[in-house]
Amino acid sequence: MNWHVYLLSAVFIIAGIFHLIRPKAFMRIMPLYLPYHKQLVYASGIAEITAGIGVLFPQTRLFSIIAIIGMLIVFFPVHIHMLLNKKASLNLPKSVLYLRLLLQFGLIYWAYSYI
């Protein structure tokens, strides 16, 4: 297995851990039309950790990659919400927010390259 598979795994495991230890930061960026912010933050963190671990095993890699791609697509509204809502922007410059949005496409491509 190549080192970049381990890196992909680590990115999602670490992101998921941050959802669990700093849920308020993630709740601030959630669009207001979504219910149960805290539960969604925890669920997405657990899903990211699970998918990140699943990437490491040949038996679960395909399912985990598909899950990662799905999560990245589902997270697009959060990034758009951050662009449109000053409170949700975490005071980041617009250029950084646009870069984060573009990064989603790069992450999707990266994950897709393992299918």
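- Put simply, NZ on Lys87 and CD1 on Ile29 are 14.5 Å apart, with the number rounded to the nearest 0.5 Å.
- For the side chain to side chain donor-acceptor pair (under 3.5 Å) condition, the pairs that include at least one residue of residues 94-107, sequence neighbours left out, are His79-Gln104.
- Clustering ILVMFWY residues whenever any of their side-chain heavy atoms sit less than 4.5 angstrom apart, transitively, puts Trp3 in the very cluster that holds Met1.
- Of the inter-residue distances, the one linking Phe26 atom CZ with Leu90 atom CG reads 9.5 Å to the nearest 0.5 angstrom.
- By the side-chain contact (heavy atoms from CB on, under 4.5 Å) test, Ile80 is found to be paired with Leu84, Leu101, residues two or more places apart in sequence or in another chain being considered.
- Under a hydrophobic-cluster definition in which Ile, Leu, Val, Met, Phe, Trp and Tyr are linked whenever side-chain heavy atoms come within less than 4.5 Å, directly or via other members, Tyr109 and Phe105 are assigned to different clusters.
- Residues forming a side chain to side chain donor-acceptor pair (under 3.5 Å) with Tyr114 (at least two apart in sequence, or on another chain): His4, Trp110.
- Residues Tyr33 and Met30 fall within the same hydrophobic cluster, defined by Ile, Leu, Val, Met, Phe, Trp and Tyr side chains chained together at heavy-atom separations under 4.5 Å.
- A chain of hydrophobic side-chain contacts below 4.5 Å, direct or via other Ile, Leu, Val, Met, Phe, Trp or Tyr residues, connects Ile14 to Ile21.
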Show which side-chain atoms of residues 42-50 pair as donor or acceptor with protein atoms under 3.5 Å away, not counting sequence neighbours.
| unit_1 | atom_1 | unit_2 | atom_2 | d |
| --- | --- | --- | --- | --- |
| Ser44 | OG | Leu40 | O | 3.0 |
| Ser44 | OG | Val41 | O | 2.9 |
| Glu48 | OE1 | Gly16 | N | 3.3 |
| Glu48 | OE1 | His19 | ND1 | 3.1 |
| Thr50 | OG1 | Ile46 | O | 2.8 |

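- By the side-chain contact (heavy atoms from CB on, under 4.5 Å) test, Lys24 pairs with no residue at all, sequence neighbours left out.
- Residues satisfying the ring pair (Phe, Tyr, Trp, His ring centres under 6.0 Å) criterion with His37, sequence neighbours excluded, are absent altogether.
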Contacts under 3.5 angstrom, residues 52-77 side chains, donor-acceptor by atom type, not counting sequence neighbours:
| unit_1 | atom_1 | unit_2 | atom_2 | d |
| --- | --- | --- | --- | --- |
| Thr60 | OG1 | Gly54 | O | 2.7 |
| Thr60 | OG1 | Phe57 | O | 3.4 |
| Arg61 | NE | Val55 | O | 2.7 |
| Arg61 | NH2 | Val55 | O | 3.4 |
| Ser64 | OG | Thr60 | O | 3.0 |

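- Of all non-hydrogen atoms in Tyr6 and Asn2, the two that sit nearest each other are CD1-O, 3.5 Å.
- In this structure, Leu97 and Ser89 have side chains that are in contact, with non-hydrogen atoms separated by less than 4.5 Å.
- With sequence neighbours excluded, no residue forms a side chain to side chain donor-acceptor pair (under 3.5 Å) with His81.
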